Structures are given as structure tokens and as C-alpha cells.
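Everything below concerns the one structure shown next.
Start at 1 and go down the list; that is how both ligands and their atoms are numbered. Both backbone and side-chain heavy atoms feed into the values below; hydrogens, waters and symmetry mates do not. This one's a predicted model, so the numbers in the text were calculated from it and none came from an experiment. Throughout, numbering of the chain's residues begins at 1 and tracks the sequence.
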Amino acid sequence: MSDLPPRVLVINSGSSSLKYQLIEPEDGISIASGLVERIGEPVSHTEHIYGDKDVAMDQPILDHTAALREVLRLFNQVGPDLETANIIAVGHRVVQGGRYFDGPALIDDQTRNLIDQLSPLAPLHNPAHLKGIDVARQMLPDVPHVAVFDTAFFQTLPDASATYALDKETADRYSIRRYGAHGTSHQYVSNRVHDLLGRKRIRQIVLHLGNGASASAVVNGRAIDTSMGLTPLEGLVMGTRTGDIDPAAIFHLMRVGGMKLDEIDTLFNKRSGLKGLTGDNDMRSVRARANAGDKEARLALDIMIHRLVKYVGGYAAAMGGLDVLTFTAGIGENDAVLRQELCDRLKIFGIKLDPVGNVLRSKDPRTISSDDSAVRVMVVPTNEELAIARQTFSLLE
Ligand code: ADP
């Protein structure tokens, strides 16, 4: 038995990257973290952080096996020594869990095969996760591996919000429904709000506004709607994704524009949103340009805010009222101007921001509405890695 508290190694394996963090789930401390980027390219980038040591390197890393081998070497060389680090499990982020998973799952051959079977619904993600899962299970065979799904929190969606008005037989045959995404973040953030306020009964809207962006409606801790759908393409205006768009735009681009399906896929996912509207997908640049009088940038922000107003209004109506509006992720946590502009448009709900509290910079969860606001507005920093570590730990307890 180790004297150290239990620790979970969290792995987020993408198609050309592998990010990791060693976490003590009970007290939420991050012990070490790092990433390998540009796997398979001529020069890959590696960084490992442990205490005050930060080791970065550029070198070729052929594939995910080589990437994880390099990560284990870095732990060995820079620390902490994994042999004695008291790792009780590895938690893997998995984007698509389909209808199979409404919570974390121990990865055995059956779970692995189900994640594989779900690849057509998340072709950019699930195959990349499997690469990380397979090499990690091989190289760290003595600890349990657990999958934590982005979609799990949204398995509670009522049929009325999860079902598209599509021919039923076709939808069933091809598993077309709204699965949502970012669920680990929405669950973590909405639970934090319950803990912080010490209340069980809350009608809450969480706005996760990062490069990817999504909204969720959560009643008493249970999700009843979310803006991402079959894939993370649906919903809000994002860094590079369209969010909601008439699907007939696809027919039009194919028939009239002569575009191929893959080109449209790339256009909607990678060349749209803020990037498509302004050429820039970083909110800080778009904001700076709008402040300097750039009309394109201002319009992009207006489109983004208009979409948010529609979602907040719709969700508040669907929940029969709104108690807490919560902002999280890169833009949600940092862009006080966006929060102010959005809340100014939500006066019908009696929302009033505290202008001083809103601009206060902090890494802690906080209330930014004024005392006489009819809705409490909060900023709650998300921490998906910690949420994965905790879910992994809870499955094994
Ligand atoms: P990801 O989805 O990649 O995890 P993040 O949650 O890190 O994204 O959010 C990235 C977004 O947050 C970027 O658009 C970035 O410009 C924005 N952001 C970060 N800091 C600020 C800030 N101070 N003001 C406005 N936007 C910010």
C-alpha cells in the first residue's frame, strides 16, 4: 500500500495528439501534465510539466505507440516515477458513447468494441481515442482503464429534445438522434453550481463557450436539452463551425456549387463560424478588431450573440423558468464584454449583471449578477480532466 493519495492518469487521445494529466481526484490536485502534438508529422512537439520542471522538445514521433512510449519515458526521467506514483486507473476521454453509455465504463474488450462500432458517428474522434486506449492498455496493463464519454450526460434528454423530425425508419437504421457533446464539462459545471449554492432544485443554463461552443438546459442536475446534436456541428456559432444552418445549404452547394461532400464537411466544421465570418477563429482577435471598428468582426459577434439569445430564451421557456445562467470555457470565463452584451439582451428575464463583479478577473467560481437580478449569473471554470479523473475514480470505488 502506498502512502500517497490515489491518482488517475487522464488521457485525451486525438488523431494527431495525445494530452495527459496525472490527477489526485479526491482533492482535485494536478500532479503532472503534458502533451504530444503533431504525431506522425516530420517534427512533433512534446511538453511535460511536473512541479517547477517544464521540459519541451521537438522531435519526430511516428505514431501513438511512440507517443505514449515517450510520455512514459518523460515520467521516468522528469518525474513523478510512475512505478511509485500510486496510479489506480487510467481515465480516457471518449467523444461518442451513443446509446450504450450513460456514465463511465470499465474498458474491457466489449467496451472497446462498442467504442469502435460507434466510429461512424464520430469519425474524427473515436478511432483516435481507440489508438490511445489500445497502446495505454498494452503499456499500463496492471491498472483498470475507464472510458468517460462526452455524450453520457445527455443520455437523459427527453425524447422530444433528442429526436429529429426525420423519417423514423431512416433515423433508427442510421442511429440519427441528438447525442450532444461537451457533456463532461456541462455535468461538472452544473454540479459545481449545485454544490456552491447548496441547493438541489435549480433550473440552469450552462454556456460552454470555447473554440467549440454549446449550451445546455439542466433541471435539478439532469440535462433536458443541449445545442450540439448528432455531432458537435449543431448549435451555437463556434470558432470554426457553423452551428445551426439550414441543411438545404448542403444540397445547394452540391447542386449549384459543384462541391463534394468532404469539401462541405470541411467548410462547415473548419472554415466557418468566427473564422468563416472574419478570417480569425480566436475570440481575442475578433474582439480586438470589433473594438477597432471592424464591421465584419462586429457582425460576427452580433450573430453569435443573437444565436445565444435564442438558445437561452428557448431553454428558459422549456424549463418553465430560469434560476442560474452559468458561463464557462475560454470565452465564457474570460470575455466580460460578451457576457455583458448577452445579458443586456436578456433583460426580459430580469437578468442584471454587477458591472464590477463581471469584470473582476479570477480563476475561482463566482457570481457576477447584481443582488436584485431575477436570475443568478455565474462564471464557473470548467475542468474536464478533473471531471474525467473523478468519474474514473467513482467507478472503481
Ligand atoms: P477549446 O475548445 O479549444 O478547449 P477554450 O475553452 O480554451 O477552447 O477557449 C478558446 C477560446 O477562448 C478562444 O476563442 C480564445 O480566444 C478565447 N479566449 C481566451 N481568453 C480570452 C479572453 N481573455 N477574452 C476573450 N476570449 C478569450
Could you walk me through whether Arg339 and Asn358 satisfy the side chain to side chain donor-acceptor pair (under 3.5 Å) test, starting with their C-alpha distance in whole Å, then the side-chain angles of each, then the deciding distance to 0.1 Å, before giving a yes or no? CA-CA 8 Å; Arg339 294 193 299 252; Asn358 182 39; 2.8 Å; yes
Answer with yes or no whether Gly239 contacts ligand 1, where contact means a heavy atom under 4.0 Å from a ligand atom. no
Tell me, which pairs form a ring-ring contact (aromatic ring centres under 6.0 Å, His included) where one or both residues lie in residues 116-147, sequence neighbours left out? His92-His145
Under 3.5 Å, N or O to N or O, is Leu209 touching ligand 1 that way? no
What's the shortest distance from atom 20 (N) of ligand 1 to any protein heavy atom, and which residue and atom give it? Asn334 ND2, 3.5 Å
Under 3.5 Å: N/O of Ala329 near N/O of ligand 1: no
What is the minimum heavy-atom distance between Ile31 and Tyr50, and which atoms define it? O-CD1, 3.4 Å
Sort and list the pairs that fulfil salt bridge (charged side-chain N to carboxylate O under 4.0 Å, His left out) and have at least one residue in residues 376-395, not counting sequence neighbours. none
How far is atom 11 (C) of ligand 1 from the closest protein heavy atom, and which atom is that? Ile331 CG1, 3.8 Å
Asp335 versus ligand 1: do any nitrogen or oxygen atoms come within less than 3.5 Å of each other? no
Is it true that Asp134 and Arg112 make a salt bridge, defined as a side-chain N closer than 4.0 Å to a carboxylate O? yes
Any non-hydrogen protein atom less than 4.0 Å away from atom 2 (O) of ligand 1: yes
Please determine if Arg178 and Asp225 form a salt bridge, counting it only when a charged side-chain N lies under 4.0 Å from a carboxylate O. yes
Contact check, Arg284 vs ligand 1, heavy-atom distance below 4.0 Å: yes
Greater than 12 external heavy atoms within 6.0 Å of Tyr164's OH: yes
For atom 5 (P) of ligand 1, find the nearest protein heavy atom and state the residue, atom name and distance (0.1 Å precision). Gly330 N, 3.7 Å
In the protein, what heavy atom is nearest to atom 10 (C) of ligand 1, and what distance, to one decimal place, separates them? Asn211 N, 3.7 Å
I need the nearest protein heavy-atom contact for atom 14 (O) of ligand 1: residue, atom name and distance, please. Met283 N, 3.1 Å
